[in-house]
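Report on the following structure.
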Protein chains: 2
Amino acid sequence: MSNRLTIIEIAKHSGVSRSTVSRVINDDPNVNTETRERVRAVMQKLNFHPNVAARGLAAGKTRILGLVIPMGVSALFSDPYFPQLIQGISAACNQHNYSTMLWLADPEYERRMIQQIVSSGLIEGVIVASALNDDPVVEALMQRQIPFVLVGRHPTHTNLAYVDVDNRVSARDAVLYLMRLGYQRVATIAGPHNMIAGVDRLNGYKDALKTRGIAPDPNLIAEGDFSEGGGYQEMQRLLRHAPDAVFVASDAMALGAMRALREAGKRVPDDIALVGFDDMPFAAHTEPPLTTVRQPIHRAGFVATETLLALIAEGANAPRRVILPTELVIRETCGAHRASAKPTV
Amino acid sequence: MSNRLTIIEIAKHSGVSRSTVSRVINDDPNVNTETRERVRAVMQKLNFHPNVAARGLAAGKTRILGLVIPMGVSALFSDPYFPQLIQGISAACNQHNYSTMLWLADPEYERRMIQQIVSSGLIEGVIVASALNDDPVVEALMQRQIPFVLVGRHPTHTNLAYVDVDNRVSARDAVLYLMRLGYQRVATIAGPHNMIAGVDRLNGYKDALKTRGIAPDPNLIAEGDFSEGGGYQEMQRLLRHAPDAVFVASDAMALGAMRALREAGKRVPDDIALVGFDDMPFAAHTEPPLTTVRQPIHRAGFVATETLLALIAEGANAPRRVILPTELVIRETCGAHRASAKPTV
DNA sequence: TCCTTTATTGGGAGCGTTCCCAATTATATG
DNA sequence: CATATAATTGGGAACGCTCCCAATAAAGGA
């Protein structure tokens with residue numbers, strides 16, 4: 001706080017001008033090698049680091065990115081999705097020498113916050129995680145022309161930059177897999193309809209049915225909220241319609257579903273098979289271990305960051321869309337390893 | 001980015017000087033009420049927000065806090081502890097109109113990062129979550145005289161500001177509770193010895209033994225790393241020494257312990273009772289539900305933030321230490337509700 | 001050797017605020 | 001009504017840096 005070290009001090013100590021020091025800091029090639037070394041040494045010795053606010057003001061570059069996590073999905077924040085995402089983002093930031101500013105968009109403060117982000121002039125770009133379908137953050141960002149990338153595609157603005165997995169195809173494949181295992185009444189606990197990942201996965205489920213020429217049965221389709229509690233609740237409801245397998249759109253919900261099944265005295269997978277989505281760390285340790293669609297969350301964060309950086313550096317002609325691959329991780333809840341499993345294909 | 005709105009534009013539009021606009025922005029009382037309203041209206045209409053970097057430069061106040069999460073505890077980041085903490089911090093920040101900057105202190109970049117934080121001049125103070133015992137972040141912060149508060153007390157620098165729960169007493173009470181339930185061979189899976197919470201809880205365990213005049217048996221003391229995997233592993237080891245109850249220093253480890261017990265064919269709590277620590281959201285949903293020490297993590301984040309803000313505002317004479325209460329949440333893994341439980345007190 | 005080109009360096013101006021002091025106006029006091 | 005006092009306002013300077021252009025030194029070519 002007090003009398004901070006400035007570029008001028010460094011200049012004095014190394015017998016050059018303020019400008020030269022600035023050049024050294026910014027790796028400008030137009031500096032004599034010897035001079036550069038000398039200045040560097042002084043900076044090191046005095047443990048000098050340029051003032052970010054001043055650089056931001058003078059150059060408009062702050063090396064700071066914003067990360068917005070809408071709190072409509074607050075419940076979600078208690079599952080490991082966001083931590084993993086944040087780790088990915090953070091890793092990329094470290095690598096590129098950027099820092100991250102975090103906003104949990106508490107709805108009450110949301111508007112104010114958006115303004116702050118967008119107008120602070122502090123931030124070079126923004127990553128928006130799991131936006132709701134009609135998220136005002138996205139609108140504000142578009143309006144202000146701040147570079148930003150979504151984690152998860154946007155339902156209506158299709159040409160925004162984003163990184164995502166192919167939720168629809170992944171879901172379809174998972175359901176088809178269950179069907180190949182011989183299950184006849186495959187239900188789903190979908191994600192909320194106001195999140196694109198939720199609807200995409202539901203559509204994938206329907207695609208699978210269609211492929212097999214089966215009409216979707218509303219009784220076999222439940223809508224959860226991606227949380228454990230939601231999965232528990234919806235599974236109880238589904239139970240009344242006797243599915244023999246359930247595609248659950250998140251591992252957290254699958255956890256809840258398993259709890260409901262346990263309480264109902266149903267065995268997994270013998271009575272009802274389950275496939276989850278996410279491959280959260282705990283999925284390998286449930287009883288029995290959960291078959292699930294693995295999505296590379298950490299990687300998504302990493303890639304989103306790099307995409308954003310590219311967007312900032314290259315403007316509109318940077319690559320804008322990345323689809324990351326998923327993988328069906330076959331463990332035990334799908335019953336693939338049972339004797340009684342009867343693959344039909 | 002381009003031609004941003006500045007205070008001067010606002011001044012022109014409202015027919016006053018730059019200074020007056022600045023006064024309005026900063027709620028300086030020396031402004032005519034009428035003028036104030038007028039300026040406010042203009043700002044609103046033009047959707048003006050002052051440039052953070054400029055304010056930071058001119059006034060040294062940025063309304064930005066730093067949050068450092070040392071990545072030595074990276075594994076931890078996959079359990080809901082940090083999300084809850086972050087939510088608490090974020091809530092407090094929103095309330096006080098501050099923002100948070102997040103650093104996951106990847107060891108490799110740790111030094112560089114510290115410098116950045118500390119010297120960026122961007123940050124008014126720092127919250128350090130779960131510092132390791134010898135964390136260089138803490139040293140750097142002390143040296144640079146940046147206001148900061150720890151979540152979890154520091155082992156050696158006892159007069160640093162922190163918020164914490166009384167891990168030692170809480171652990172002791174939990175263990176005493178198990179003993180009152182009649183268990184004879186109470187073991188523990190402790191946290192890592194390089195984290196103060198780990199050693200405090202272990203000491204609490206030892207305190208309880210001492211109270212009952214029992215010498216600690218090294219065979220009944222395992223050291224985990226606060227992770228599920230660690231709990232699993234350590235429980236397998238403990239099993240060889242036939243404990244009848246285990247105090248597990250984190251819920252995540254308790255989860256792993258339960259998995260180990262399941263695989264070993266032991267029933268909980270009939271064969272071995274368990275008490276965890278944290279009361280993570282999933283603790284209520286394990287099979288059977290986990291008895292555990294609840295600590296108010298969200299609240300800790302909130303209070304830590306307010307403590308930091310006080311520190312920034314009032315300097316050294318702000319309140320510096322907060323101990324938050326814990327609560328033993330009795331569910332089923334402790335066997336309290338069994339017929340076979342035989343309370344001795 | 002003189003002139004042109006290139007490599008380095010220096011310094012003024014400006015980024016958008018806040019802070020401080022001086023100026024102006026309104027209000028109160030005798 | 002004149003003067004002291006309070007309320008309001010304006011503008012210069014500074015915050016620490018980058019950018020741009022001009023200046024100087026070194027090097028190459030005729």
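Just so it is clear: chains get the letters A, B, ... in the order the sequence lines come, proteins before strands, and each one is counted from 1. Nothing here was measured: the structure is a model prediction, and the numbers come from that model.
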Considering non-hydrogen atoms only, spot the tightest contact between [X] and [Y] and give its length.
| X | Y | result |
| --- | --- | --- |
| B/Ile64 | B/Val52 | CD1-CG1, 4.4 Å |
| A/Leu160 | A/Phe148 | CD2-CZ, 3.9 Å |
| A/Trp103 | A/Gly66 | CZ3-CA, 3.9 Å |
| B/Ile25 | B/Arg55 | CG2-NH2, 3.7 Å |

Spacing between [X] atom [atom1] and [N] atom [atom2], to the nearest angstrom:
| X | N | atom1 | atom2 | value |
| --- | --- | --- | --- | --- |
| A/Glu9 | D/dC17 | CD | C1' | 15 Å |
| B/Asn32 | D/dG10 | CG | P | 11 Å |
| A/Leu5 | D/dC15 | CG | P | 14 Å |
| B/Leu57 | D/dT18 | CG | P | 11 Å |
| A/Glu34 | C/dA7 | CD | P | 17 Å |
| B/Lys12 | D/dT9 | NZ | C1' | 18 Å |
| A/Met43 | D/dC17 | CE | P | 11 Å |
| A/Ile10 | D/dT18 | CD1 | C1' | 16 Å |

Find which nucleotide of DNA chain D each of B/Val16 and A/Thr6 is nearest to by heavy atoms, and output the residue with the more 5' nucleotide.
->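 It is B/Val16, whose closest nucleotide lies nearer the 5' terminus.
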Can you give me the N/O atom pairs linking the protein to nucleotides 18-22 of chain C at distances under 3.5 Å, or say none if there are none?
| unit_1 | atom_1 | unit_2 | atom_2 | d |
| --- | --- | --- | --- | --- |
| C/dT18 | OP1 | B/Asn26 | OD1 | 3.4 |
| C/dT18 | OP1 | B/Asn26 | ND2 | 2.8 |
| C/dT18 | OP1 | B/Arg55 | NE | 3.1 |
| C/dT18 | OP1 | B/Arg55 | NH2 | 3.4 |
| C/dT18 | OP2 | B/Ser22 | OG | 2.4 |
| C/dT18 | O4 | B/Arg18 | NH2 | 3.4 |

If a pair satisfies salt bridge (charged side-chain N to carboxylate O under 4.0 Å, His left out) and one of its residues is in residues 36-49 of chain B, list it, with sequence neighbours excluded.
->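 As it turns out, the salt bridge (charged side-chain N to carboxylate O under 4.0 Å, His left out) pairs with a partner in residues 36-49 of chain B, which skip direct neighbours, are B/Asp27-B/Arg40.
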Are A/Thr20 and C/dG10 close enough that a side-chain N or O sits under 4.0 Å from OP1 or OP2?
->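 Yes, within the criterion.
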Reckon A/Thr35 has a side-chain N or O less than 4.0 Å from the OP1 or OP2 of C/dT8?
->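 For C/dT8, OP1/OP2 do not have a side-chain N/O of A/Thr35 under 4.0 Å.
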If you look at every strand shown and take non-hydrogen atoms under 4.0 Å, does A/Asn51 touch a base, only sugar-phosphate, or nothing?
->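 Sugar-phosphate contact only - A/Asn51 comes under 4.0 Å of backbone atoms but never of a base.
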For B/Asn30, report the nucleic acid contact type (base, sugar-phosphate, nothing); a contact means any heavy atom under 4.0 Å.
->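 Base contact.
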Quick one: sort the A/Phe302 and A/His298 rings into parallel, tilted or perpendicular, breaks at 30° and 60°.
->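 A/Phe302 and A/His298: parallel rings.
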Greater than 12 external heavy atoms within 6.0 Å of B/His13's NE2 =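 It does not: B/His13 NE2 has 12 such atoms or fewer within range.
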Between B/Phe48 and A/Ser17, name the one whose nearest nucleotide on DNA chain C is closer to the 5' end.
->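 This one resolves to A/Ser17.
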